[in-house]
Amino acid sequence: MKINHKRKVRKTALPPGTLIFTGEQKMDQVEIHLIDYDSDSIHEKELKDIEKAFPFKDLPTVTWVNVNGLHDVTLIEKLGKYYTIHPLILEDILSVNQRPKMEDSGNILFIVLKMLRYQESTESVESEQVSLILGKNFLFTFQEKPGDVFEPVRDRLRQHKGRIRTLGPDYLAYALIDAIVDNYFLVLEKMGDRIEALEERLVQNPTDDILQTLHRLKREMIYLRKSVWPLRELLSGLERSESSLIQQSTGVYLRDVYDHTIQIIDTIESYRDIISGMLDTYLSSVSNKMNEVMKVLTIISTIFIPLTFIAGIYGMNFVYMPELSWKWSYPLVWLLMIGVGSIMVVFFRKKKWL
Amino acid sequence: MKINHKRKVRKTALPPGTLIFTGEQKMDQVEIHLIDYDSDSIHEKELKDIEKAFPFKDLPTVTWVNVNGLHDVTLIEKLGKYYTIHPLILEDILSVNQRPKMEDSGNILFIVLKMLRYQESTESVESEQVSLILGKNFLFTFQEKPGDVFEPVRDRLRQHKGRIRTLGPDYLAYALIDAIVDNYFLVLEKMGDRIEALEERLVQNPTDDILQTLHRLKREMIYLRKSVWPLRELLSGLERSESSLIQQSTGVYLRDVYDHTIQIIDTIESYRDIISGMLDTYLSSVSNKMNEVMKVLTIISTIFIPLTFIAGIYGMNFVYMPELSWKWSYPLVWLLMIGVGSIMVVFFRKKKWL
Amino acid sequence: MKINHKRKVRKTALPPGTLIFTGEQKMDQVEIHLIDYDSDSIHEKELKDIEKAFPFKDLPTVTWVNVNGLHDVTLIEKLGKYYTIHPLILEDILSVNQRPKMEDSGNILFIVLKMLRYQESTESVESEQVSLILGKNFLFTFQEKPGDVFEPVRDRLRQHKGRIRTLGPDYLAYALIDAIVDNYFLVLEKMGDRIEALEERLVQNPTDDILQTLHRLKREMIYLRKSVWPLRELLSGLERSESSLIQQSTGVYLRDVYDHTIQIIDTIESYRDIISGMLDTYLSSVSNKMNEVMKVLTIISTIFIPLTFIAGIYGMNFVYMPELSWKWSYPLVWLLMIGVGSIMVVFFRKKKWL
Amino acid sequence: MKINHKRKVRKTALPPGTLIFTGEQKMDQVEIHLIDYDSDSIHEKELKDIEKAFPFKDLPTVTWVNVNGLHDVTLIEKLGKYYTIHPLILEDILSVNQRPKMEDSGNILFIVLKMLRYQESTESVESEQVSLILGKNFLFTFQEKPGDVFEPVRDRLRQHKGRIRTLGPDYLAYALIDAIVDNYFLVLEKMGDRIEALEERLVQNPTDDILQTLHRLKREMIYLRKSVWPLRELLSGLERSESSLIQQSTGVYLRDVYDHTIQIIDTIESYRDIISGMLDTYLSSVSNKMNEVMKVLTIISTIFIPLTFIAGIYGMNFVYMPELSWKWSYPLVWLLMIGVGSIMVVFFRKKKWL
Amino acid sequence: MKINHKRKVRKTALPPGTLIFTGEQKMDQVEIHLIDYDSDSIHEKELKDIEKAFPFKDLPTVTWVNVNGLHDVTLIEKLGKYYTIHPLILEDILSVNQRPKMEDSGNILFIVLKMLRYQESTESVESEQVSLILGKNFLFTFQEKPGDVFEPVRDRLRQHKGRIRTLGPDYLAYALIDAIVDNYFLVLEKMGDRIEALEERLVQNPTDDILQTLHRLKREMIYLRKSVWPLRELLSGLERSESSLIQQSTGVYLRDVYDHTIQIIDTIESYRDIISGMLDTYLSSVSNKMNEVMKVLTIISTIFIPLTFIAGIYGMNFVYMPELSWKWSYPLVWLLMIGVGSIMVVFFRKKKWL
């Protein structure tokens, strides 16, 4: 989950609205999937060519065209021309580091947001840009690569579940956004699990790699926050939008997703607080452990240094040292040393240093 | 008081408005309690079936139906159908991790908030979601499990205390919210007691578990804050609401609860500041204690090392060491060692290190 | 200056507007003091009974009734009934942990704020709740106990100083608020003196109790801030209020007190910054002092350990140790040891460790 | 640059609008300087008596009266009476700890702000309160003591430089405020120089007095900020003011000073960030230095302790110690000790501890 | 990237609108470059004299005059007179420490912003002030020195690429601002690379110069932030501006640059968070490394001190020490010492201290 700052670089010298794909190509062939439905019927097919989708423009049915893969610039160009989409919007679709935003250009609504998925294998969050173009009776969606969180929505369409088939493309757009936002909860749940797992290890054995993981988690939280905050604005903008493309009945659903994003933001803020607290705990327990080590070691030294001094005394070679020739002085010195040692141990114990 | 991030997970693939209880089932049987009253009479009964409550809809009296337990989805569905409540609101009642909020859908007002109770046994705060549906002459309340803070309100209804029986369901809703908010003060009082108790222990004997407790308290404060901040918005929204369901005379009471939530927020912020200060004090007193230990130990070492050196000198086996055969050299060396030791003790004392 | 979180506890189960004194009773007998004045005359007396004040209601003169002691609930009740004051306001008067606020209920203006006094003996700030009820030609003030900062205002009334006698009860209310706010400056001055005194001790001798005092000061600042911030809102609310009870000519005076509260807030923020800086300085000077101790002690050890090693060498009992029998080896070893010691001292000095 | 909290103390018991000078008297005799000009002529004189300025009130020329010294209360009183200025404004002129603010009382505009000057001798910033009273064709300025930053403005007036003589007193007021704000840049430049000088010393030799200076700088920054933030509000208030005293053509100039204050605020914030960074660097380099000391010292001890142990072995007096009588054992022990010492040095070097 | 606080100093005593170049002269001769174009033709030439540009004022074509070098005050003066530009704006062009801002003076729009370039050689960011004056059919740009990021725009003009030649000077202004903002991404990319490089070194070998670099990066981030934040306001101001100089069709492009600045701000904030995290990691790994050193060293001491004590015992010269004359006592003492040493090593290992 690196912050990709390479976005604009390759096209810096070009006029605005120039279509160049700025991401990393993640698939060979662009896949175009079309679903055309009304409350009575549903057609679904894979298109070889974007032109195949154009005849649906004038049908009264709702048409959803999903495009996987953004490297085919001419496809986007043709689409833009046929549906009269502003070049800057086309450019935004191809620039894969957009901040979530919504743009209303009268005939269409353009929405761009981030689809997040938790990658079990690498224990990291994967981000993919999803753009939506909502028209009078069509919805285009653009993804960077195959695989998405929209399958349940497709199933509801196919099985005529809920009211989705009876409502317009704005409700479909809502359903897709809702699927994406619902998936954020899943990602947060995984994050929460990792935080909890870390927390236990933190108390038991604070190691260096915990610190690394904590910092990585913190950074992922910053990234998540960056994705969700503008999403909130986007949704409240959609809800209050006066565009004729959004039916009034969809407003209450948008408000519902909006509430979910606020819940997500709340959770992210909580996690940030918790991670900060864990960083403090880590530092304090590392330092506690170190202090404990130093204390025990120093105590051992401190006990033996005076004893060594006593031994040193009777190692002196003075001719006139009466004690040396006394019969009981050796055992007495032992007693003395044991006494001094014991007193120190008692003293340390009393001071609660041991 | 864990942050439950499991909320949406089980229903991720379902259309919005699908009714699925997302919490943990905390009771076997749903309990339905009905109180029907006007200023003259009051009826109270346990219902087996939610349909039993429906005839009250058209009576001029105020009807309060309290539902304990949210796992009976069909009950909620029937209710929704009979009283024409939007499915998204029904979904919110069943999703037990709602952020406190208010929704005005014309014929009813939907309010969801958190009831907090301090659990003496576990020294923790327990949170339960309470939803209110306020209609023209009825009020529905939904709780996750039996046991609540509404008993005093029920007593006031039964004993015709205050003006509660003469006023509409909006005043009843206010009374219940007030009871919940009043209970926050109790929770805060318990928290305050724990903070004070900790504070004394902190100064006397900073141990590792104090740190743990401080961090737990801090986290509970974060949770409390998360519950109360949106409550404030909710109440100011209710007060300024133009809904015909809220009588004008209730406005002044809502303002009163609103003031209480502000007081609660103030107290929470104060506690947070105090806990932060205690964390600082903890760290500083741990480090002070450690430093004291190290200082005393190092001083002992420092005194004996030079003395041991002196002893070492006269332990050397040189043939030509005139001092060795002098008569008074042994006592003189003793004097020297006592002198050096005393000078060092004096020096340390003067420097205030001892 | 503890945060009293006990406020609502005793009355949790009661209907709103129930009058119960929630504070600590600080005096035996409620004292009622009445001043009735216009620009020509002034009457002043102690009342035994609140009813004695009622006849003044219909006189054109301005009547100021000050009540010391809040435990006599019936007094407040009678007052409320006679002057038709909303029960929630009466309840607020008796709840001694109100946040400063203003409430306009048409016929009267209710103001509650904190009177702070610096207690020289305990070096602490004492807080007392003062409530004002401003009517067409009367002003009621309620205090928890005798003793206040209003004496100068009373003197100005008695001596016809300034314009106070010629203006209405709103100006009197302003004068009392101004007296309270002016006293905040006194409290801050005392705080400032303590901070300065601490600062000097901090540099000279950082002891543990300085840390305690700093944290206490910090907490008092938090409390002060909590008292003054809402006061600012209160005053700006009063100034912009469209109540007919506030004469337009009083506006400029209210603006003046408002400016004072902003100055107070500024000073509090400065003090908070200063105290934070002092906490940093404290920690850094404690650690500096400790480091200095450790350094000197370690240096002593370090010098003597190599010397002791040299002495140990010549304490070995090998038969073939030619140095042992050389004539000058003993003085040479002394020279060696002095040399090694000196080199180390020079080295330490050069590295600026000594 | 102490925060003077003594402001209100001396007059706490007095009615508002009572004129008492609350500052420290900094000069013997009040100086009154009058400049009267229009585009054709200019008159300049020192006045003995404020009454001498009164006849200018009704002339069409612009009259600028500058008063140095605020201890002559009667002067202010006379002025207030003749020009009908509200007593609270007069009081504000005499209270030398005003927060920068603007007040529009219809016939006059009152402006109070801080004139800052860098005192080369004490390396500190000196603050002086300047009040402006702007009327239809006059401007009064009040300073605490002689010496100001207005000389260039006076020169421009005398030499008819720029458009200043052709414009009204509002432009003159602007010119004075501009001169004060320009001087803030000078003060900040000096601060910047000190910060830079400190920075170099910080890296080379972090001493205790650097910490003191850093904290003093930080506090001065807090003070500066406190002076400039309200100034910004003041200027934006002036610019948007609908007072007839501000000509529309002056608006663009006020906007220019406003921009300067924002630049100053930006610089102050940058400096605060830099100073915070320096504090961190200080702490880290102090601790690094200490750590380095401890490491070298400990290494020396660690090398010699095992060697001393070896010497101790052969200092034992056992009768049956075959090594003692071997011929080469003494040189072999030397080799052993040199070997052990070298291994440890190599080990430490390899671990990069040396 | 120093904060140049020298801005106003040289002109402190001068009337506003006095034209004095406050920067450092970076070139000998002012260069004036003119491009005059419409959709059919384009003329480009170097001018010796600014007067040569004046005849273009009344042509219908778009004229772009770029001025490199700001030290020729008379040039600016002539321009100001001929195009009637307010002196304060001319002053702002010459004051090279302007905060990015926009000013609308009716006949022209004045825009000032910062052009940032990454200097590969010094690894630092270089800042240059660029001012734009946008008129009905002309655009003036002012730079401090030759070299800019506008070459791609010039190429698009020359090669009639995109729609730039068919649109007015407002689109040209947009194109230049876009080029500047695009370059910010390049600068951020370089910063990102440095941060990543640092991060790797940080984990492997935390040295003192990393701390220095981190603080320098942090300060550069502060500077960048200071440049971009006001740019955001500027652009949103331009977009919402009602000036007739901005065509409505340009609005969508301005919105696009605006989005880019928000992305830049987001990235800057992320980098700041990352740098803060790295500072924490640095401190913690320095302290970890130190602790490890101390631990190993202390362990070595601790093992040998008791052993030395044992050796000391049998170095005592008592006459009656039976062990001394036992045959196996020497090897037994060795065994004892090896035993004690081993027990301590095992103990340390078990406690995970080794």
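Residue numbers begin at 1 in each chain, while the letters A, B, ... track the order of the sequences. The figures here come from the full heavy-atom set of this structure, side chains too, leaving out hydrogens, waters and symmetry mates.
Using a 4.5 Å heavy-atom cutoff, the side chains of A/Ile265 and A/Arg225 are not in contact. Residues E/Asp259 and A/Lys101 are in side-chain contact: their nearest non-hydrogen atoms beyond the backbone lie under 4.5 Å apart.
For a residue to count as touching a neighbouring chain, one of its non-hydrogen atoms must lie under 4.5 Å from one of that chain's; by this rule A/Tyr282 touches chain E with the side chain only. With a threshold of 4.5 angstrom between heavy atoms, E/Asn291 approaches chain A through its backbone and through its side chain. For A/Met321, no part lies under 4.5 angstrom from a heavy atom of chain E. For chain A, no part of E/Val257 is nearby; none of its heavy atoms comes within less than 4.5 Å. For a residue to count as touching a neighbouring chain, one of its non-hydrogen atoms must lie under 4.5 Å from one of that chain's; by this rule A/Trp328 does not touch chain E. There is no contact between E/Arg163 and chain A, counting heavy-atom distances below 4.5 Å. With a threshold of 4.5 angstrom between heavy atoms, E/Ile310 does not approach chain A through any atom at all. At a 4.5 Å heavy-atom cutoff, the contact between A/Val293 and chain E is made by backbone and side-chain atoms alike. Within the 4.5 angstrom heavy-atom criterion, only side-chain atoms of E/Tyr171, from C-beta onward, approach chain A. Only the side chain of A/Leu283 comes within less than 4.5 Å of a heavy atom of chain E; its backbone N, CA, C and O stay farther away.
Of the listed residues E/Ile305, E/Asn317, E/Val319, the one with more heavy-atom pairs under 4.5 angstrom with chain A than any other is E/Asn317. Ranking A/Glu103, A/Met290, A/Lys289, A/Glu292 against chain E, the residue ahead of the rest is A/Met290, based on heavy-atom pairs under 4.5 Å. Note: E/Thr281 leads E/Ile164, E/Asp155, E/Thr281, E/Thr308 in heavy-atom pairs under 4.5 Å with chain A. Contacts with chain A were tallied for E/Gly162, E/Gly315, E/Pro322, E/Ala311; E/Gly315 has the most, counting heavy-atom pairs under 4.5 Å. Each of E/Lys351, E/Glu151, E/Glu323 has some count of heavy-atom pairs under 4.5 Å with chain A, and the biggest count is that of E/Glu323. Counting heavy-atom pairs under 4.5 Å between each of A/Ile313, A/Ile303, A/Leu307 and chain E puts A/Leu307 at the top.
Residues passing the side-chain contact (heavy atoms from CB on, under 4.5 Å) test with E/Thr302, sequence neighbours excluded: A/Leu297, A/Ile300, A/Ser301, E/Thr298, E/Met344, E/Phe348.
Within the structure, every pair that satisfies the ring pair (Phe, Tyr, Trp, His ring centres under 6.0 Å) test and touches residues 85-112 of chain A, not counting sequence neighbours, is listed here: A/His86-E/Tyr253.
Within the 6.0 Å centre-distance limit, the rings of A/Phe304 and E/Phe309 are counted as a close aromatic pair.
Shortest non-hydrogen contact noted between E/Ser284 and A/Leu211 is OG-CD2, 3.0 Å. Heavy-atom minimum distance, A/Met102 versus A/Leu109: SD-CD2, 3.9 Å.
If you run side-chain contact (heavy atoms from CB on, under 4.5 Å) between E/Ile264 and each of E/Val187, E/Leu188, E/Asp182, only E/Leu188 comes through.
Here the NZ-OH distance, from E/Lys190 to E/Tyr118, works out to 7.0 Å after rounding to the nearest 0.5 Å.
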**OP:** For the pair A/Gln98 and A/Gln129, evaluate side chain to side chain contact (heavy atoms under 4.5 Å, CB included) and give the outcome as yes or no after the intermediate values.
**Re:** CA-CA 8 Å; A/Gln98 291 299 317; A/Gln129 176 162 315; 3.5 Å; yes
